[in-house]
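Side chains included, hydrogens not; waters and symmetry mates left out as well; all remaining heavy atoms used. Predicted model, so just to flag it, every value in this text is computed and none were measured. Counting starts at 1 for both ligands and their atoms, following the listed order.
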Amino acid sequence: MEHEHVRAVDPAVADALEGEVERQRNTLQMIASENHVSEAVLDAQGSALTNKYAEGYPGERYYGGCEYADEVERLAIDRAKELFGAEHVNVQPHSGTQANQAVYFAMLEPGDKILSLDLTHGGHLSHGHPANFTGQLYEVEQYEVDPETGYLDYDGLADHAEEFEPDIIVSGYSAYPREVEWERIQAVADDVDALHLADIAHITGLVAAGVHDSPVGVADFVTGSTHKTIRAGRGGIVMTSEEYADDVDAAVFPGGQGGPLMHNVAGKAVGFKEALEPEFEEYAEQTIRNAEVLGETLTDHGFSLVSGGTDNHLVLVDLRDSHPDTTGGDAEEALEEAGIVLNANTVPGETRSAFNPSGIRAGTPALTTRGFDDDAIRTVGECIARVIDAPDDDAVKADVRETVDDLCAEFPLYE
Ligand code: DSN
């Protein structure tokens with residue numbers, strides 16, 4: 001990737017862009033919310049559609065010259081409908097958070113009640129955290145995972161909902177390694193006459209491929225981001241039934257956004273096309289298999305996993321039992337020095353701060369895109385264990401860095 005046009009104008013930015021490509025090529029990306037999109041998606045996102053204003057929706061725009069914008073947006077919508085089996089799809093949200101914002105804005109009044117999973121138990125800022133607009137505009141209470149098992153406490157959620165009487169229950173998570181039983185949460189929502197928003201940002205690709213149970217057709221609203229496991233253009237998506245279609249569309253535009261980022265909508269269309277190919281299901285299956293192997297390898301080395309394992313693309317490691325003197329931040333930093341990039345993460349029952357919590361979260365979507373198989377992931381798991389066992393040992397980190405170099409050469413990126 002030469003970025004020759006940027007280089008001709010702005011060598012400083014060209015250096016940074018090339019540096020980023022090299023960083024992604026030469027290190028292992030294990031942040032569970034990240035992936036490597038195809039060059040086709042990159043191409044679409046870097047297209048002249050970035051110049052186009054297309055406020056409105058296909059066939060009903062507030063600007064002229066929208067024939068290609070219309071075509072691209074219709075393709076993105078039709079492909080998303082096919083992938084997810086959704087009645088109505090809005091592909092304009094700039095991000096997963098803005099997709100959630102659209103649902104809240106469409107259905108809630110300020111002061112209405114949200115019941116969502118606590119952030120330290122795997123939830124998301126946009127589900128009602130006090131620092132987020134949701135925590136300030138709405139009345140929020142939060143449910144938790146079972147402290148013993150690490151699984152969602154569905155009975156506790158039901159009791160909490162009965163007592164709190166929320167207007168909306170939010171499901172779908174950022175750091176929850178287990179399959180979600182959408183119907184059980186829907187039953188709770190039905191019992192208390194609440195709406196149900198399922199935010200599948202992390203698992204959009206797994207749901208599209210049919211390797212994780214789908215909330216589409218179960219929950220009233222399903223939101224997601226489009227650049228994580230599904231590997232399409234960067235942004236968000238809202239899916240709902242015809243009943244709420246107009247409200248959601250009006251909440252996205254003009255309610256919360258102006259002109260859609262049409263270059264990203266093009267990236268979504270291209271990525272969705274790729275996700276409709278049979279190979280994508282194999283990719284999604286291997287992503288889950290890789291997370292399983294990673295979890296087993298870490299468990300074999302004495303690490304504790306929240307919930308004891310994983311059903312999806314990520315593992316959440318609680319370091320407090322196995323490495324009480326090592327924080328998530330220490331582990332993240334030492335691993336990055338060895339060429340493995342992941343993030344420190346809070347864990348259920350967190351006893352440290354969100355800035356330097358007690359766990360790490362590791363995901364397999366990006367490595368699986370590079371072709372990592374069971375053996376390669378086992379090697380990665382062993383590398384992670386070696387570094388966390390000795391985070392200050394430079395010789396260990398240098399040795400692991402060599403293994404990382406070998407893996408990067410064996411599974412090249414953006415050749
Ligand atoms: N920040 C993303 C994550 O890492 O989970 C979600 O928006």
Side-chain angles (χ1 to χ4, degrees), residues 24 27-37 93-104 114 116-135 142 145 152 170-178 180 197-207 212 221-238 256-257 261 264 268 271 287-288 291 294 306-307 310-317 328-329 331-332 335-336 340-348 350 354-369:
Q24 292 186 24
T27 54
L28 305 184
Q29 309 312 311
M30 300 190 75
I31 292 175
S33 48
E34 293 183 357
N35 210 330
H36 302 292
V37 299
H94 300 334
S95 70
T97 289
Q98 293 206 255
N100 290 339
Q101 181 184 25
V103 173
Y104 302 135
I114 297 177
S116 58
L117 187 69
D118 187 281
L119 184 67
T120 62
H121 287 236
H124 189 256
L125 285 169
S126 65
H127 297 179
H129 192 275
N132 185 263
F133 75 93
T134 47
Q142 303 211 288
V145 298
L152 282 171
V170 182
S171 64
Y173 314 105
S174 289
Y176 181 67
R178 293 299 182 178
V180 183
L197 160 61
D199 175 353
I200 60 168
H202 265 254
I203 56 169
T204 309
L206 308 183
V207 169
H212 187 293
F221 307 94
V222 178
T223 55
S225 45
T226 47
H227 48 275
K228 295 185 173 111
T229 42
I230 200 160
R231 234 170 31 183
R234 193 166 190 101
I237 186 172
V238 185
Q257 295 185 176
L261 308 177
N264 281 354
K268 292 173 192 179
T287 298
I288 292 178
L294 177 66
V306 173
S307 83
T310 180
D311 299 327
N312 60 26
H313 62 298
L314 66 85
V315 295
L316 187 59
V317 181
E332 176 188 305
L335 285 163
E336 186 160 359
I340 299 173
V341 183
L342 46 66
N343 64 286
N345 214 94
T346 53
V347 290
E350 183 57 69
F355 290 107
N356 196 1
S358 303
I360 52 169
R361 187 185 65 165
T364 53
L367 295 188
T368 309
T369 292

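One N or O on the side chain of Thr226 and one on the backbone of Gly235 form a donor-acceptor pair closer than 3.5 Å.
Ordered by chain and residue number, the residues placing a heavy atom less than 4.0 Å from ligand 1 are Ser33, His124, Ser174, His202, Lys228, Arg361.
Below 30°, between 30° and 60°, or above 60°: for Tyr104 and Phe133 the angle between ring planes is above 60°, a perpendicular geometry.
There is a side-chain donor-acceptor pair under 3.5 Å between Asp199 and His127. Of the N and O atoms on the side chains of Glu350 and Ser358, at least one donor lies less than 3.5 Å from an acceptor on the other residue. Side-chain atoms of Gln29 and His36 include no donor-acceptor pair closer than 3.5 Å.
For Thr223, the side-chain hydrogen bond (donor to acceptor under 3.5 Å, both in side chains) partners two or more places apart in sequence, or in a different chain, are Asn100.
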